[in-house]
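Here's the structure, in structure tokens; my notes come after.
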Amino acid sequence: MKESVLIIDFGSQVTKLIARRIRELGVFSKIIPYDKVSKKTINQKNIKGVIFSGGPKSVNERNSPRILPFIYDSNIPILGICYGLQLISKNFGGIISPSDDREFGKTNLFSKKNSPLIDGVVDLKKKHQVWMSHADKVERIPNGFETIASTENCQYAIIQNLKKQIFGVQFHPEVVHTKGGKKILENFVKKICLCKKEWSMKNFKIEILKEIKKKVGKNKVICGLSGGVDSTVTAVLINKAIGKRLICVFVDTGFMRKNERELIESLFKKNFDIKLKVINASQIFFNKLKGQKDPEKKRKIIGREFIKIFERFALNQIDIKYLAQGTLYPDVIESISKVGKSFVTIKSHHNVGGLPKKMKLKLLEPLKELFKDEVRILGKELNIPDSFNKRHPFPGPGLAIRLLGEIDKKSIGILREADDIFIKMIKKEGLYDKIWQAFCVLLPVNTVGVMGDNRTYEKICVLRAVTSIDGMTAESYKFKTNFLEKCANEIINNVPGINRVCYDYTSKPPGTIEFE
Ligand code: XMP
């Protein structure tokens, strides 16, 4: 069993980043919500360390997330981050109170004492930039703990109890704005938890292939292909494990990008010996979405119909027991993460949120422990051509969540054409691989324009292009203005139905990548 670091989630927006950083160090890490932690989870032999994430609550609130004290007796090293540090302090008798000077953003740290946690972190003796986000602070540390570093407003910015191997940091080492943050996490994972560097995509591939074979046995698997990288990697992986017992189904929802179907067919024919069935279901999806404007409802309807179509297809086949999906780790975490009653659903990702509670098929989700960029590395391991592996992500609900509000066939057609032009121009400019994701969005409002001598009253197309590492945060891509002008002209001149083009400069957060 691979050595792991367990990350206990108390609801921080950046918990996923902790997991990513640990994996970047070559050590497997897993996130678990605070209320799902049992003695059994902690006592598993492969758990070498535990990290408490930050969280939005105050440890002094009555119903704030807690963890039972058995965890402190397990002899496993613990690192508490922000809320995690405060929880540890409170547990051992420290005092936490609201801070007069709430700190959000960058601040400077000064070290006072050596610790294995900050070993080799340069410049700690001088001003050292860290990223804080807290309203409460530790007023008094518990007996047995000592201060390692402070900031101007926060005396106990790093604390430790070496004997118990318990550490706490008030700032966030997982975010890039904390200088040396990765080194602090590395010290914890390698020097304190003594984890070995075992996590690699090669090892993952070997393990997951064994797992799929064992789980599926002699049964058959049906896999939904969306045209995106995740479902394609899923299919190729399962095909490698069980060969012809995998049947892939490409459901044409009517919300695909231009030539998506042909591209998938040729990829599978040319490169892989995989059975592929194409089902044209666009009429069903258009009918079901009629009159629906609400993004969540649209997502849920599409997810539900997908499953129904798969189940109907599977019923006519013998021995199909599993439905394979390209669900990724961020989707899984998003769907299980909850902190008391403050749990907020931003979006129901259709491969998780749209599934009905009772399903005839069992789910097979071999990528559910991976982040997006890890999937691409796996794709390379599986010899999926770069032309496909490096394609920009495409959401399951497709163009239906990029045509805002109510769906109609004509507008989807308009959006598809505009999108194709924008992507082709980006490729021609040599920018495609520099951008995480680019696409067009069609707004459900008309504006007045003039073409030739005529008045036009047509739709607005928004161009969206972002850079990102894993889709969890994103920045708008800064194109040169004349390139955007060229795109606007090309789209307006070639796509009837659009008379205005805008560019979206919103980052994530506060925006999201997709508009719905
Ligand atoms: P947001 O819009 O949440 O998107 O910032 C983050 C990334 O996820 C993709 N996305 C989806 N992928 N099913 C998917 O497989 C979905 O329902 C879905 N919704 C969004 C989005 O394109 C971006 O890359």
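Keep in mind it's a predicted model, so treat the numbers as computed, not measured. Order of listing sets the numbers, starting from 1, for every ligand and every atom in it.
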I'd like to know if [X] and [Y] make a salt bridge, using a cut-off of under 4.0 Å between side-chain N and carboxylate O.
{"X": "E305", "Y": "K308", "answer": "yes"}
{"X": "D9", "Y": "K16", "answer": "no"}
{"X": "R21", "Y": "E24", "answer": "yes"}
{"X": "R20", "Y": "D373", "answer": "yes"}
{"X": "R416", "Y": "D420", "answer": "no"}

Output the list of atoms in ligand 1 that are nearer than 4.0 Å to some heavy atom of [X], sorted by atom number.
{"X": "P397", "value": "16 (C), 17 (O)"}
{"X": "G396", "value": "13 (N), 14 (C), 15 (O), 16 (C)"}
{"X": "K508", "value": "1 (P), 3 (O), 5 (O), 6 (C)"}

Aromatic rings F10 and Y34: how do their planes relate, parallel, tilted or perpendicular, breaks at 30° and 60°?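 Ring orientation of F10 relative to Y34: parallel.
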Going by the 4.0 angstrom heavy-atom rule, the piece of S226 near ligand 1 is neither
Is P393 touching ligand 1 with its side chain, its backbone, both, or neither, if touching means heavy atoms under 4.0 Å apart? side chain
Decide whether an N or O pair under 3.5 Å exists between D230 and ligand 1.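 So ligand 1 has no N or O lying under 3.5 Å from an N or O of D230.
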Check: G471 N/O within less than 3.5 Å of ligand 1 N/O: no
Over all heavy atoms of both residues, which pair between I421 and E490 is shortest? Give the atoms and the distance, please.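 The pair with the smallest heavy-atom distance is CG2-CG, 3.5 Å.
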Yes or no: does W436 have any heavy atom under 4.0 Å from an atom of ligand 1?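 W436 counts as a contact of ligand 1 under the 4.0 Å cut-off.
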Heavy-atom distance to atom 24 (O) of ligand 1: which of E514, E516, Q437, H392 wins? Q437
